Amino acid sequence: MNTSTAAAIPPLPPDWPADVAAARAVQDSLRARVVLDEAGPAPGGGRVTGVDVAYDDARDVVAAAVVVLDAASLDVVEEATAVGRVAFPYVPGLLAFREVPAVLAALAALDTDPGLVVCDGYGVAHPRRFGLASHLGVLTGLPTIGVAKNPFTFSHEAPGDARGSATPLLDGAEEVGSALRTRAGVKPVFVSVGHRVTLAAARAHTLHLTPRYRLPETTRRADALCRAALREATTA
DNA sequence: GCGACAG
DNA sequence: ATCTTGTCGC
């Protein structure tokens with residue numbers, strides 16, 4: 001049994017967007033605060049935190065999990081979860097409004113400094129250059145990166161088969177991230193900068209976090225934990 | 001107008 | 001994301 005308790009997600013702020021147009025306006029307003037000229041934490045050191053969210057839309061329940069790892073050993077340092085009501089429907093380009101409230105509640109429950117936050121999704125690789133990782137970075141001030149499993153609306157050439165190979169992720173002619181091979185011969189992941197980190201550093205962090213599997217150890221751990229939290233919140 | 005579209 | 005069985009392979 002898990003003796004830890006999931007934190008509650010606090011009430012949404014009064015200015016929370018009520019529709020798609022309002023949400024886009026919020027993104028257009030916050031995007032100016034994204035910091036892109038900082039090197040960020042050194043890959044392989046300090047702490048790295050994975051965040052992920054699971055849903056039961058039928059019951060209107062959402063569960064977020066954050067897992068802090070020691071970057072050198074990849075051992076778990078601390079975990080936290082948060083459970084509550086779904087704050088926004090899934091709309092491509094507006095994923096952050098669906099995930100952020102739950103993630104912020106889980107982060108607030110931590111005693112440890114998160115260090116670099118690794119999100120399951122995109123950062124500046126976004127229609128308005130303000131995806132989940134950038135949104136979370138701006139709201140918390142923490143350095144963040146996004147590691148997505150799908151290319152979304154972007155294009156890319158296939159990276160070489162060797163682990164570590166990367167090609168530009170493009171929005172038209174603009175490079176918004178990287179398609180990065182984390183496992184030889186396996187479908188690449190899509191890395192982008194969130195906040196206060198360089199794209200090259202984001203790739204290096206991702207490689208440090210994938211010694212064995214395609215997805216970062218951070219998101220694998222967070223994924224398992226948020227699913228368990230959702231199940232607990234949904235079970236009688 | 002139609003299709004595509006992170007999780 | 002989530003719905004879902006078996007199956008191929010290390």
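Below, read A as the first sequence line, B as the second, and so on, with proteins coming before strands; counting in each chain starts at 1. All values reported here derive from a predicted model rather than from experimental measurement. Quick note: numbers below take in every heavy atom, side chains included, and nothing from hydrogens, waters or symmetry partners.
The CG atom of A:D52 sits 7 Å away from the P atom of C:dA1 (whole-angstrom rounding). Between A:R59 atom CZ and C:dC3 atom P the separation is 11 Å, expressed in whole Å. The CG atom of A:L94 sits 12 Å away from the P atom of B:dA6 (whole-angstrom rounding). Rounding to whole angstrom units, NE2 of residue A:H156 and P of B:dC5 are separated by 13 Å. One can place OH of A:Y55 at 11 Å from C1' of B:dA6, the figure rounded to the nearest angstrom. Summarising the geometry, the separation between CZ on A:R128 and C1' on B:dC5 is reported as 12 Å, rounded to the nearest angstrom. With rounding to whole Å, A:E99 atom CD is found 5 Å from B:dG7 atom C1'. Rounded to an integer number of Å, the gap from A:H126 NE2 to B:dA4 P is 20 Å.
Across all strands shown, A:L169 has no heavy atoms under 4.0 Å from either base or sugar-phosphate atoms. A:A125 comes within 4.0 angstrom of nothing in the nucleic acid, heavy atoms only. Note on A:Y90: a base of the nucleic acid sits closer than 4.0 angstrom, heavy atoms only. Within the nucleic acid shown, A:G146 has no heavy atom closer than 4.0 Å to any nucleic acid atom. As judged by a 4.0 angstrom heavy-atom cut-off over every strand, A:D56 is placed among residues making no nucleic acid contact.
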Reading 5' to 3' and counting Watson-Crick or G-U wobble pairs with both distances under 3.5 Å, write the dot-bracket notation for DNA chain B, | for bases paired outside the strand.
.......
Applying side-chain contact (heavy atoms from CB on, under 4.5 Å), run through A:T144 and A:V197 and close with a yes or a no.
CA-CA 7 Å; A:T144 64; A:V197 185; over 6 Å; no
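Between A:P101 and A:A87, the closest heavy-atom pair is CG-CB, 3.9 Å. Between A:T81 and A:A65, the shortest heavy-atom contact is CG2-CB, 4.1 Å. Closest heavy-atom contact between A:V86 and A:Y55: CG2-CD2, 4.2 Å.
If you check the side chains of A:T210 and A:R163, you find a donor sitting under 3.5 Å from an acceptor. Between A:E157 and A:T167, the side chains place no donor N or O within less than 3.5 Å of an acceptor N or O (distance only, hydrogens not considered).
Within the 4.5 Å cutoff, side-chain heavy atoms of A:K149 are placed close to those of A:R214.
At least one side-chain nitrogen or oxygen of A:R227 sits closer than 4.0 Å to the OP1 or OP2 atom of C:dA1. For the OP1/OP2 pair of B:dA6 and a distance below 4.0 Å, the side-chain nitrogens and oxygens of A:K149 include no atom meeting the criterion. At B:dG7, one or more side-chain N or O atoms of A:N150 fall inside 4.0 Å of OP1 or OP2 (strictly under the cut-off).
A:H156 has its ring centre less than 6.0 Å from the ring centre of A:F190.
Residue A:F152 places its side chain closer to B:dA6 than to any other of C:dA1, C:dT2, B:dA6. Candidate nucleotides C:dT2, B:dC5, B:dG7 were compared by shortest atom distance to the side chain of A:P92, and B:dC5 ranks first.
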